[in-house]
There are 2 protein chains.
Amino acid sequence: MAATIGDVARVAGVSRSTVSYALSGKRAISEETRTRIQAAIDELGFTPNAGARALATAQTNVLGLYLQFQEDEFAPAMLQYVLPVSTTAREHGYDLLMVTDADRVNAVRRTTSSAMIDGVVLLDVTYDDSRLEPLREAPQPAVLIGYARNGEGFDSYDLDFGEAARIVVDHLADLGHRDIVLITPPRHVYERGGSYAWRFRDAAVERAARYGIRLVAHEGDSRQPGITDSLDAALAASPHATALMVHNDATIAALPAYLDKRGMRVPDDLSVVGVFSQEFGQAFSLPYTAAETSPDRLGQEAVRQLIRRIHSPEEAGEPRVRFIEPELVDRGSTRPVA
Amino acid sequence: MAATIGDVARVAGVSRSTVSYALSGKRAISEETRTRIQAAIDELGFTPNAGARALATAQTNVLGLYLQFQEDEFAPAMLQYVLPVSTTAREHGYDLLMVTDADRVNAVRRTTSSAMIDGVVLLDVTYDDSRLEPLREAPQPAVLIGYARNGEGFDSYDLDFGEAARIVVDHLADLGHRDIVLITPPRHVYERGGSYAWRFRDAAVERAARYGIRLVAHEGDSRQPGITDSLDAALAASPHATALMVHNDATIAALPAYLDKRGMRVPDDLSVVGVFSQEFGQAFSLPYTAAETSPDRLGQEAVRQLIRRIHSPEEAGEPRVRFIEPELVDRGSTRPVA
DNA sequence: CTGAAAGCGCTTACAG
DNA sequence: CTGAAAGCGCTTACAG
């Protein structure tokens, strides 16, 4: 059916190996031969068979991307990480196998042990991530986007959520706020082991304590009416709060509507600081100062490191955790306390 | 490195073909032999090499999913289609190659002609979709999610946006509305050839005309401040409008905040009807009556048909367009005109 | 019920 | 600068 390298060789009047070398550029080919081969390729519309090439070279030029769209999660947030991973992979000649199996452990085992991919990008990493076990036995290198306690031996990229909390608290402290409400990710994120939840919360609590600031953390929700209920409860529990910190995608997305409904103006009645990316803020028209989460940078650096480790492990260095430093993007949603 | 079928055969004391047949079940194997083979497989941790299998069988068990995250589009909406495609594919034993290249035509050509995949799922289909040309030359079958003018020869699945418009207009007409504003997708969707934009709009205009109802269509935006500006302009141009139809994801997501800010109550001051899915409405807490877009059903049916066409083309029947009938989900955001 | 062998379409030492 | 041949790890007619 489709043309093979043998067809090209025959039409061009050369051997199959010469065609192969012309394709890869791994040895010198005379100008004339190269031209004949190219003509044959064009005439036949030849493209190398990926499976055959993978078999011969033991590499597929495919990366596995492992993620799950949790029923109870705010899907748009996940997408921010998929996009840069996909783009960066293609820039380096890799395609992406998107693996979303409910059985995450087996999905990793299945795809790595069958040699479908050259490397693994793990999204949605949890503190005790059960996928790391099969991953240690896999011949392919892997990179984690997120943080796992048992992640030693792997490259990991994550935002420094502790630092994110500190810069937000510092910012509010500088403005004189002494009573702050924090909305954290929902309970199921903690239960699942999403360490960003408590890393941010604990650092915020500790930093506030150092300033002698009252800061009360409340678990938010990812759906209505829970989002509204948790905000109601949090604000009721801190009637004199002057600032609201939100580390919860669904809540921050719903916040403009919520505050409007309650008749609260930002920053006049309440200072607000979030934790989200530039693009996220734009998609949801969020006018809030925030710690930037830089999913683009995370995804890009993670994939680059993975590809480095695939091609030249020595250059890649020792696998380690890299925490990206967050920056505070001031959108004017905070003001000094009178 | 990794165990091969030859290793299994040696350990089990049988031939490679017997191991292969034990794996595939394509011929009878004695109980005893089967046991020995299974023991060897377990001992060695053997998984068949996907590339080798693909080369031998000429099938990869991978489907290509082609999409693009447009800079100017509302990403969350796209995700609704990715998820059911991914889930349904896995249920049938297929993995998903996610292809997001900026050069869409070449991406199709590259992946189909290198035999990386067994079938194609095209998302983001436009009226004159340039990817259909390479697709016609591809040996793999394809399914389109969306509608293309030049889509003959392919299975296509799309919502019947014309019917969606009619049931919405009918609903409002029944309630006595005589002056309606419609927010359509942004201009760039029309320019790109997103036929759902004008299919909905034209049907709405026509249906309204039949009732003698005033209905004015305005292009919406996908970002702030354009979203607010277009709503402002649309409502200003129809000062006596009693109902708002929104066929624009970014706009409907921003609508609660917008209407709150303008101090308009739904449905007391304005009846509102949207066009979005159940999950989308839930993710964004949208309290609006809407024509359900059923991305789950679309994605699932599309993939099933594609897999049917891969396995038994005769059963799959003639390729044709299937328009899914929308239903109106009443969430109480409309009321009779006094 | 089982085996030996050819073949899928590439790449890459080996040889000249 | 080029070719003949082995090999990657499977599947599947062919044979018994």
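Side chains are part of it too, since the values below use all heavy atoms of this structure and drop only hydrogens, waters and symmetry mates. Each chain gets a letter, A, B and so on, in the order its sequence line appears, and its residues count up from 1. Nothing here was measured: the structure is a model prediction, and the numbers come from that model.
- Taking every side-chain heavy atom of Thr57(B) into account, dT12(D) is the closest of dT12(D), dT11(C), dG9(D).
- Rounded to whole Å, the distance from CZ on Arg10(A) to P on dA4(D) is 14 Å.
- Atoms CD1 (Ile29(B)) and C1' (dT12(D)) sit 13 Å apart, rounded to a whole Å.
- If you check distances only, the side chain of Ser17(A) never reaches the base of dA5(D) with a donor-acceptor pair under 3.5 Å.
- The shortest side-chain heavy-atom distance between Val99(A) and Arg110(A) falls under the 4.5 Å cut-off.
- Comparing dG3(D), dC10(D), dT12(C) by their closest approach to the side chain of Ser15(A) singles out dG3(D).
- Computed from coordinates, the Met116(A) CE to dG9(D) C1' distance equals 15 Å when rounded to whole Å.
- A straight line from CZ of Arg34(B) to C1' of dT2(C) spans 13 Å, rounded to a whole angstrom.
- Here the C1' atom of nucleotide dG7(C) and the CG atom of Asn49(A) are 13 Å apart, to the nearest Å.
- Between Arg16(B) atom CZ and dC8(D) atom C1' the separation is 11 Å, expressed in whole Å.
- Checked by atom type, the side-chain pair Gln305(B)/Arg308(B) shows a donor-acceptor distance below 3.5 Å.
- With contacts defined as side-chain heavy-atom distances shorter than 4.5 Å, the pair Val143(B)/Phe154(B) does not qualify.
- Distance from the side chain of Ser30(B) is smallest for dC1(C) among the nucleotides dC1(C), dT11(D), dG9(C).
- In this structure, dA4(C) forms no base pair with any nucleotide, since neither Watson-Crick nor G-U wobble geometry is met with both distances under 3.5 Å.
- The CZ-C1' distance, from Arg27(A) to dA4(D), rounds to 11 Å in whole Å.
- Remark: the Arg53(B) side chain and the dT11(D) base include no donor-acceptor N/O pair separated by less than 3.5 Å.
- A side-chain donor-acceptor contact under 3.5 Å links Asp118(A) to the backbone of Thr60(A).
- Side-chain atoms of Thr18(A) lie closest to dT2(D) of the nucleotides dT2(D), dT12(D), dC10(D).
- A side-chain donor from one of Thr33(A) and Ser30(A) sits under 3.5 Å from a side-chain acceptor of the other.
- For dG9(D), the OP1/OP2 oxygens have no side-chain nitrogen or oxygen of Thr4(B) closer than 4.0 Å.
- In this model, the phosphate group of dT11(C) is not approached by any side-chain N or O of Lys26(A) to a distance below 4.0 Å at OP1 or OP2.
- Nearest-nucleotide assignment on DNA chain D puts the 5′-proximal partner with Ala52(B), out of Ala52(B) and Ser24(B).
- Nucleotide dG9(C) holds its P atom 16 Å from the CD1 atom of Ile41(A), rounded to whole Å.
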